[in-house]
Asker: 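One structure, pasted below without further comment.
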Amino acid sequence: MSIIEKALDKNRSRQASPRADALPPLEPSAAPLPEVETPRSQEVKIDFGWLRKQGILVPGEERTSAAEEFRMMKRPLLNNAFGRHSAMQVPKGRMIMVTSALPGEGKTFTTANLALSIAMEVDRTVLVVDADVARPAIPRTLGFQADRGLMDVLTDPQTDIPDVLLRTNVEGLSILPAGRPHGRSTEILASDAMMRLLDDLYERYDDRVILFDSPPLLATSEPGVLAHHMGQVVMVVDADTTPATSVERAMEQLQSCDVVLSMLNRAAPMPGMGYAGGYYYGGRDHEPDAREQV
């Protein structure tokens with residue numbers, strides 16, 4: 001057992017495993033209601049060539065070992081979010097935060113691949129929220145540019161979600177960029193405006209998975225605030241470089257989350273298993289392996 005697995009086991013042993021208008025009819029003499037123009041979000045084009053160069057899943061291409069790994073990774077997340085019976089569903093299980101203890105462990109790479117894999121589902125859609133407002137990486141990772149986003153909605157009363165939400169050329173995938181940086185981002189993410197926005201995103205579509213690309217837990221205080229409102233958290237751990245003490249300290253900030261899934265990134269391949277190092281189930285954690293960066 002690796003030092004990372006021992007650290008994760010130590011954390012698991014300390015925690016429990018909770019589971020999971022119509023309008024009235026018009027009078028004959030009434031004038032017709034005026035048409036209301038529905039705001040449309042902007043569309044951006046994800047660069048498939050750029051995805052391919054980074055080793056990220058490309059929709060419509062042949063199956064790869066990485067694609068299979070993320071298929072296996074998404075299944076427990078989707079099961080928690082859309083259990084066939086209500087008793088099997090995790091409360092707010094469609095709200096999923098992807099984070100890490102330290103920068104450079106692969107959380108944005110994981111978010112992008114997970115989002116693209118979920119978008120391939122027949123009856124699901126996915127919204128990626130770039131919540132790493134100090135160092136947003138989702139646009140660069142997916143190969144497009146973005147200006148306004150989450151922070152603009154929270155700080156400008158004249159800006160609404162449809163004004164900054166980006167549709168993509170991948171069916172079922174949309175993006176909410178981080179927006180312009182703000183010096184009080186932690187306080188803003190903990191504000192009533194953020195709570196209302198989260199409720200709006202969650203309640204608008206019941207087939208939607210919402211993935212939050214969060215800052216590293218030990219680098220800033222924002223993810224600790226955000227984690228309180230998530231149904232599930234994916235904790236990405238660099239198998240080669242992350243100190244066990246950092247994993248333990250980061251996991252302590254997730255005590256309020258019922259479902260935390262830990263993922264070893266850049267794990268050495270095991271004989272006969274390609275890149276996947278297998279799955280580890282224990283307590284409330286699930287641990288798949290992926291192989292890349294960002």
Asker: Compare all side-chain heavy atoms of His229 with those of Met194 and state whether any distance is below 4.5 angstrom.
Answerer: no

Asker: Please report the shortest heavy-atom distance between Ala178 and Asp132, naming the atom on each side.
Answerer: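 Ala178 and Asp132 have their closest heavy atoms at CB-O, 4.3 Å.
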
Asker: Quick check against the 3.5 Å criterion: does Thr168 have a side-chain atom that pairs as donor or acceptor with the backbone of Leu173?
Answerer: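 Present.
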
Asker: Taking all non-hydrogen atoms of both residues into account, name the closest pair between Val225 and Ala190 and its distance.
Answerer: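 Minimum heavy-atom separation between Val225 and Ala190: CG1-CB, 3.6 Å.
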
Asker: Are the side chains of Pro223 and Phe212 in touch, meaning some heavy atoms are under 4.5 Å apart?
Answerer: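 SC-SC contact between Pro223 and Phe212 ruled out.
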
Asker: Could you check whether atom CD of Gln145 has more than 12 heavy atoms from other residues, nucleotides or ligands sitting under 6.0 Å from it?
Answerer: no

Asker: Starting from the C-alpha separation in whole Å, work towards a yes-or-no answer on side-chain contact (heavy atoms from CB on, under 4.5 Å) for Trp50 and Gln54.
Answerer: CA-CA 6 Å; Trp50 177 243; Gln54 297 181 94; 2.9 Å; yes

Asker: When you measure from the side chain of Asn80 to the backbone N and O of Gly93, does any donor-acceptor pair fall under 3.5 Å?
Answerer: no

Asker: Output all residues satisfying side-chain hydrogen bond (donor to acceptor under 3.5 Å, both in side chains) with Asp130, sequence neighbours left out; order by chain, then residue number.
Answerer: none

Asker: Please tell me whether Leu254 and Leu218 are part of a single hydrophobic cluster in this structure, the criterion being side-chain heavy atoms less than 4.5 Å apart.
Answerer: no

Asker: Flag the pair Glu203 and Arg94 as a salt bridge only when some basic side-chain nitrogen lies within less than 4.0 angstrom of an acidic carboxylate oxygen.
Answerer: no

Asker: Nearest 0.5 angstrom please: Ile118 CD1 to Arg124 CZ, how far?
Answerer: 10.5 Å

Asker: Are Pro177 and Ile138 packed together at the side-chain level, in the sense that at least one heavy-atom pair is separated by less than 4.5 angstrom?
Answerer: no

Asker: Between Asp199 and Arg196, is there a donor-acceptor pair closer than 3.5 Å when you use the side chain of the first and the backbone of the second?
Answerer: no

Asker: As an exercise, state the distance from CG of Leu150 to CD1 of Ile175, rounded to the nearest 0.5 Å.
Answerer: 13.0 Å

Asker: For Met235 versus Ala250, what's the shortest heavy-atom pair and its separation?
Answerer: CE-CB, 3.3 Å

Asker: Determine yes or no for a side-chain-to-main-chain donor-acceptor pair under 3.5 angstrom, with Gln42 supplying the side chain and Leu166 the backbone.
Answerer: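 Judged by distance alone, no pair lies under 3.5 Å.
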
Asker: Taking only residues two or more places apart in sequence or in another chain, which ones pass side-chain hydrogen bond (donor to acceptor under 3.5 Å, both in side chains) with Glu187?
Answerer: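 With neighbours one apart ignored, the set is empty.
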
Asker: Can you tell me if Thr141 and Thr108 form a side-chain donor-acceptor pair at under 3.5 Å?
Answerer: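 Result is no, nothing qualifies.
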
Asker: Does any non-hydrogen side-chain atom of Val133 lie less than 4.5 Å from one of Ile188?
Answerer: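 No, every pair of side-chain atoms sits at 4.5 Å or beyond.
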
Asker: Are side-chain heavy atoms of Leu102 and Pro243 found at a separation under 4.5 Å?
Answerer: yes

Asker: Let's go through Phe109 and Ile56 carefully: what are the C-alpha distance in whole Å and the side-chain angles of both, what is the deciding distance for side-chain contact (heavy atoms from CB on, under 4.5 Å) to 0.1 Å, and is it a yes or a no?
Answerer: CA-CA 7 Å; Phe109 176 88; Ile56 294 176; 3.8 Å; yes

Asker: Under a single-linkage definition using a 4.5 Å side-chain heavy-atom cutoff for Ile, Leu, Val, Met, Phe, Trp and Tyr, are Met195 and Leu201 assigned to the same hydrophobic cluster?
Answerer: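 Looking at the clustering, Leu201 is in the same group as Met195.
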
Asker: For residues Thr159 and Asp152, report the shortest heavy-atom separation together with the two atoms involved.
Answerer: CB-O, 3.8 Å

Asker: Is there a side-chain contact between Ser185 and Met151, using heavy atoms and a 4.5 Å cut-off?
Answerer: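 Ser185 reaches Met151 side chain to side chain.
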
Asker: One thing to verify: whether Arg249 and Glu252 come together as a salt bridge, which I'm taking to mean a side-chain N less than 4.0 angstrom from a carboxylate O.
Answerer: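 No salt bridge links Glu252 with Arg249.
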
Asker: Are any of the side-chain nitrogens in Asp200 or Arg204 under 4.0 Å away from the carboxylate oxygens of its partner?
Answerer: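 Looking at Asp200 and Arg204, the cut-off is met.
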
Asker: Would Arg135 and Asp213 pass as an ion pair if we require N to O under 4.0 Å?
Answerer: no

Asker: Has Lys107 got a side-chain atom pairing as donor or acceptor with Pro216's backbone, closer than 3.5 angstrom?
Answerer: no

Asker: Counting C-beta onward and ignoring hydrogens, is there a side-chain heavy-atom pair between Val234 and Met97 closer than 4.5 Å?
Answerer: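 Result no, sub-4.5 Å side-chain heavy-atom pair not found.
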
Asker: Between Leu189 and Leu226, does a side-chain contact (heavy atoms from CB on, under 4.5 Å) hold up when you go through it step by step?
Answerer: CA-CA 7 Å; Leu189 291 180; Leu226 194 60; 5.5 Å; no

Asker: What closest approach, in Å, do Cys257 and Val233 show between heavy atoms, and which atom pair accounts for it?
Answerer: SG-CG2, 3.7 Å

Asker: Can you measure from CE (Met263) to CG (Leu114) and round to the nearest 0.5 angstrom?
Answerer: 9.0 Å

Asker: Listed by chain and number, what are the side-chain hydrogen bond (donor to acceptor under 3.5 Å, both in side chains) partners of Ser191, not counting sequence neighbours?
Answerer: none

Asker: What's the verdict on side-chain contact (heavy atoms from CB on, under 4.5 Å) for Lys92 and Leu198, showing C-alpha distance, side-chain angles and the deciding distance?
Answerer: CA-CA 11 Å; Lys92 288 199 172 181; Leu198 292 176; 5.7 Å; no

Asker: When rounded to the nearest 0.5 angstrom, what distance separates NZ in Lys74 from CG in Asn79?
Answerer: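 So the gap between those two atoms works out to 11.0 Å.
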
Asker: Keeping Gln232 on the side-chain end and Leu261 on the backbone end, is there a donor-acceptor pair under 3.5 Å?
Answerer: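 A pair under 3.5 Å: no.
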
Asker: Which pair of non-hydrogen atoms, one from Asn113 and one from Gly55, has the smallest distance, and what is that distance?
Answerer: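 Heavy atoms only, the tightest pair is OD1-O, 4.4 Å.
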
Asker: Measuring only between side-chain heavy atoms, which start at C-beta, is Ser117 closer than 4.5 Å to Leu57?
Answerer: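 They are in side-chain contact.
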
Asker: Could you give the distance from CZ (Phe82) to CG (Asp123), rounded to the nearest 0.5 Å?
Answerer: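 It comes to 8.0 Å.
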
Asker: Please check: side-chain N/O of Glu105 versus main-chain N/O of Thr242, any donor-acceptor pairing under 3.5 Å?
Answerer: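 No, the answer is negative, given that no donor and acceptor are paired below the 3.5 Å cut-off.
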
Asker: Quick check for you: to the nearest 0.5 Å, what is the distance between Leu51 atom CG and Ile46 atom CD1?
Answerer: 6.5 Å

